[in-house]
2 protein chains.
Amino acid sequence: MSIPKAEVAPPANGNSLPRHRRTYSIGELARMFEVTPRTIRFYEQEGLLAPERRGQTRIYHEKDRVRLKLTLRGKRLGFSLAEIREVIEMYDAMPDGNARQLKRLLEILADKRSNMERQLEDIRLMQRELDDVEMRAREVLERLAQP
Amino acid sequence: MSIPKAEVAPPANGNSLPRHRRTYSIGELARMFEVTPRTIRFYEQEGLLAPERRGQTRIYHEKDRVRLKLTLRGKRLGFSLAEIREVIEMYDAMPDGNARQLKRLLEILADKRSNMERQLEDIRLMQRELDDVEMRAREVLERLAQP
DNA sequence: CAACCACTTTACGTTAACGTCAACGTCGTC
DNA sequence: GACGACGTTGACGTTAACGTAAAGTGGTTG
C-alpha cells in the first residue's frame, strides 16, 4: 500500500505455481473460502466487494481476496455485513477523509474493540463451562465403566 | 447443587435486599439482561427455559436465570439457539445418560471448543486489523492538524 | 458443431430470531 | 369501579443472509 507500485513487468514466469497469483474467478474464491459463488455475489451486492469486470465475468484480485477474508472473519465474530461494510467504506475513504469522519471511524473502532474484549471474556467463561461439563460427563462415564 | 438443601426456613428477613432472591418475574429478568419478555418466551418455546407456573404466570428461579445467562452468552458467541439447546438438553440428561449419549456430548463439546479456539485466533487477528486501521486514521488526523 | 463447463442475471423461497399487535385476565389503588 | 401496570396466548410481520431455480452467454474440447 505504501510501497509505490513498481513498474517492473512480472518476470517471464514459466512457473507452474506463480508465487503471487494475480486474479481469481468467482468459483476459485468460493472454493478457497468454502462459500458458494452466490455468497460472493451477494457480498458484492451489499457493497463489500467491487471486482473488476472482463465483459460480464468478475475478476478478483488480491485486494478482493483479502476483503473477502476479512469479511468472513468479521462474520465469524458476529458482525453484520452492514457493520463490516461501514468499516470498509470508511477505511477506503480515509486518505481524503475530513476530521469528523475520521473521528467517527475511531469511535466505531473503539466500539468494535470493546466488543472484542467482551467476547474474550465470554470465551473464557464459556471455556470454563465446557471444562466443567466435560469433567462431569467423564465422571459419569467412568462410573458406568465400573458397576 | 452438591449441598443438601437445608430445611431451615429463610430467616425472618425484613431486609430490603434479600441476599439471594428466590424468584423473578419475566419483566424483571428481561430488564436484568436487557432483552424483551418476548425474547424470553421465545426461548422457552424453543426449549431453552422451562419456568414454573403459578396459574398462568411464569415464575423464574435461579436455575432459570443462569440458563438465560448462558444462553445469551452463547448467542454473543454466535451459537444458534438450536445448538445451545442441544447442549443444555444433554447436560440435563447426563446423570442417567447412557455411554453413547455421553460420548456424543463429549464430541459436541470438543467441537464447541475448537470453535472457541478459532474465535480466539480471529479476535487476535481482528484486533491487529483494528490497531492498524486506528494508527493510519490517527496519522491522517495529525497531518490534517498541521497544514 | 454439439456438448459441456463455468459464469451471468432475475426472481422468488427459506430460515432464524425475534417484533408487533390484538384481545384478554389479574392485581393494587385511587 | 375505572385505571394502569404487568402478565398471558395467538397470529402475523420483519430482517439478514443467503438458497434455489430458470434462462441465457462465452469459451473449449471431443
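Order of the sequence lines sets the chain letters (A, B, ...), proteins ahead of strands, with each chain counted from 1.
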Inset, instruction - Give the minimum heavy-atom separation between A/I88 and A/R67, together with the two atoms involved. - result: CG2-CZ, 3.7 Å
Legend entry - Pairwise distance CZ(A/F33) to CD(A/E28) - rounded to 0.5 angstrom: 12.0 Å
Legend entry - B/R31 (side chain) donor-acceptor with B/G27 (main chain) under 3.5 angstrom: yes
Inset, instruction - May I ask you to list the residues of residues 75-90 of chain A, by number, that have any heavy atom positioned under 4.0 Å from an atom of DNA chain D? - result: A/K75, A/S80, A/L81
Legend entry - Straight-line distance of B/M94 CE to A/L141 CG, nearest 0.5 Å: 9.0 Å
Inset, instruction - Give, for atom CD1 of A/I123 and atom CD of A/E121, the distance between the pair rounded to the nearest 0.5 Å. - result: 10.5 Å
Inset, instruction - For DNA chain D, determine which residues of residues 25-38 of chain A have any heavy atom closer than 4.0 angstrom to one of its atoms, and list them numerically. - result: A/T36, A/R38
Legend entry - B/I59 CD1 to D/dC6 P, straight-line distance once rounded to whole Å: 16 Å
Legend entry - Gap between atom OG of A/S80 and atom CD of A/E86 - 0.5 Å precision: 8.5 Å
Legend entry - Positional range of nucleotides in DNA chain C within the contact set of chain B, heavy-atom, under 4.0 Å: C/dA17 to C/dT20
Inset, instruction - Mind checking the CZ-CE spacing from A/R73 to B/M126? Nearest 0.5 Å is all I need. - result: 6.5 Å
Legend entry - Sugar-phosphate, base or nothing in reach of B/R53, heavy atoms under 4.0 Å: sugar-phosphate
Inset, instruction - For B/Y24 and D/dC6, give me the distance from atom OH to atom P, rounded to whole Å. - result: 19 Å
Legend entry - A/E129 and B/Y91, any side-chain heavy atoms less than 4.5 Å apart: no
Legend entry - Euclidean distance, B/E52 CD relative to B/T23 OG1, rounded to 0.5 Å: 8.5 Å
Legend entry - Greater than 12 external heavy atoms within 6.0 Å of B/R53's CZ: yes
Inset, instruction - Let me know, please, whether A/T39 or A/Q56 comes out on the 5' side of the other along DNA chain D by nearest nucleotide. - result: A/T39
Inset, instruction - Determine, step by step, whether A/R136 and A/D132 satisfy the salt bridge (charged side-chain N to carboxylate O under 4.0 Å, His left out) criterion, reporting the C-alpha distance in whole Å, the side-chain angles of both residues, the deciding distance to 0.1 Å, and the verdict. - result: CA-CA 6 Å; A/R136 290 170 191 268; A/D132 188 51; 3.2 Å; yes
Legend entry - Length of the line joining B/E44:CD and D/dG7:P, which is rounded to integer Å: 14 Å
